[in-house]
Amino acid sequence: MLRWAIRAAAAASYKSEVIRESGQATKKSKSAMTKFSRAQREKDMDKKMDYMSEGMSDLAEAISHNSNATEPLAEMSFVASLLAESIQKNLDEQTKDIVTKIKA
């Protein structure tokens with residue numbers, strides 16, 4: 001039971017990290033879209049280039065946050081598989097107990 005609790009806590013921690021990084025990626029990509037739209041409407045070439053540059057920077061940050069979410073997502077998946085395995089073992093033991101009691 002203690003192992004299960006530790007694994008569940010680890011999975012929750014990884015989940016929080018994935019959600020945070022994903023949220024940052026979304027925020028930065030929306031910011032990039034806004035800046036690209038501004039650049040498209042801008043007549044002044046210097047301002048247009050500034051907006052494009054800022055948009056590209058935000059886009060690069062969004063990609064970085066997406067990449068940062070990959071590792072904790074993989075860890076969360078691994079921990080989830082361990083949780084499923086431990087739950088399956090407990091279910092198998094309970095099933096054996098029930099069958100033994102029914103046969104007795």
Side-chain angles (χ1 to χ4, degrees):
M1 182 65 165
L2 180 60
R3 279 190 217 163
W4 185 88
I6 291 169
R7 289 175 182 161
S13 170
Y14 293 129
K15 175 188 168 200
S16 296
E17 194 172 341
V18 169
I19 290 171
R20 184 182 67 249
E21 290 294 337
S22 177
Q24 288 295 320
T26 300
K27 179 181 168 186
K28 285 296 182 177
S29 64
K30 285 181 179 181
S31 176
M33 288 189 301
T34 299
K35 289 175 182 164
F36 291 146
S37 290
R38 285 180 184 165
Q40 196 172 22
R41 292 187 305 269
E42 185 60 55
K43 301 295 182 206
D44 183 286
M45 281 306 283
D46 287 337
K47 287 183 182 178
K48 184 181 285 263
M49 293 304 288
D50 285 345
Y51 287 136
M52 291 294 290
S53 176
E54 290 171 10
M56 292 299 287
S57 179
D58 284 347
L59 203 52
E61 285 185 54
I63 291 168
S64 178
H65 285 295
N66 249 352
S67 177
N68 291 344
T70 303
E71 184 178 339
L73 190 57
E75 293 285 347
M76 188 174 66
S77 176
F78 175 71
V79 170
S81 72
L82 293 176
L83 281 170
E85 182 181 317
S86 67
I87 290 170
Q88 186 61 48
K89 285 179 183 176
N90 288 340
L91 287 174
D92 290 345
E93 288 175 17
Q94 287 177 353
T95 302
K96 285 178 186 177
D97 269 354
I98 292 169
V99 170
T100 303
K101 288 177 182 175
I102 290 174
K103 286 183 178 180

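Values below: every heavy atom of this structure, side chains too, minus hydrogens, waters and symmetry copies. Values in this document were obtained by computation on a predicted structure and should not be read as measured data.
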TODO: Measure the spacing between CD of Glu42 and CE of Met49 and express it to the nearest 0.5 Å.
DONE: 12.5 Å
- [ ] Name all pairs fulfilling the salt bridge (Lys or Arg N to Asp or Glu O under 4.0 Å) condition that reach into residues 16-33, sequence neighbours left out, sorted by first residue then second.
- [x] Lys28-Asp58, Lys28-Glu61
Task: Separation between CZ of Phe36 and CD of Glu54, rounded to the nearest 0.5 Å - done: 10.5 Å
- [ ] Could you pull out the closest heavy-atom pair between Pro72 and Ala69, with the gap in Å?
- [x] CD-O, 3.5 Å
Open item on the list: Could you report the tightest heavy-atom contact between Val18 and Leu73, atom names first, then the distance?
Closed with: CG2-N, 3.4 Å
Open item on the list: With a 4.5 Å cut-off on side-chain heavy atoms, are Tyr14 and Glu71 touching?
Closed with: no
Task: Inter- and intrachain pairs under side chain to side chain donor-acceptor pair (under 3.5 Å), touching residues 44-53, at least two apart - done: none
Open item on the list: Quick one: does any side-chain atom of Thr26 pair with a main-chain N or O of Ser22 as donor and acceptor, under 3.5 Å?
Closed with: yes
Open item on the list: Minimum heavy-atom separation for Gly55 and Ala32, please, with both atom names.
Closed with: O-CB, 3.4 Å
TODO: Output every pair passing salt bridge (Lys or Arg N to Asp or Glu O under 4.0 Å) with a member in residues 95-104, not counting sequence neighbours, ordered by first then second residue.
DONE: none
Task: Heavy-atom pair with the smallest gap, counting every atom of Ser29 and Ala62 - done: N-CB, 3.8 Å
Task: Expected output: side-chain Ser37 to main-chain Met33 donor-acceptor under 3.5 Å - done: yes
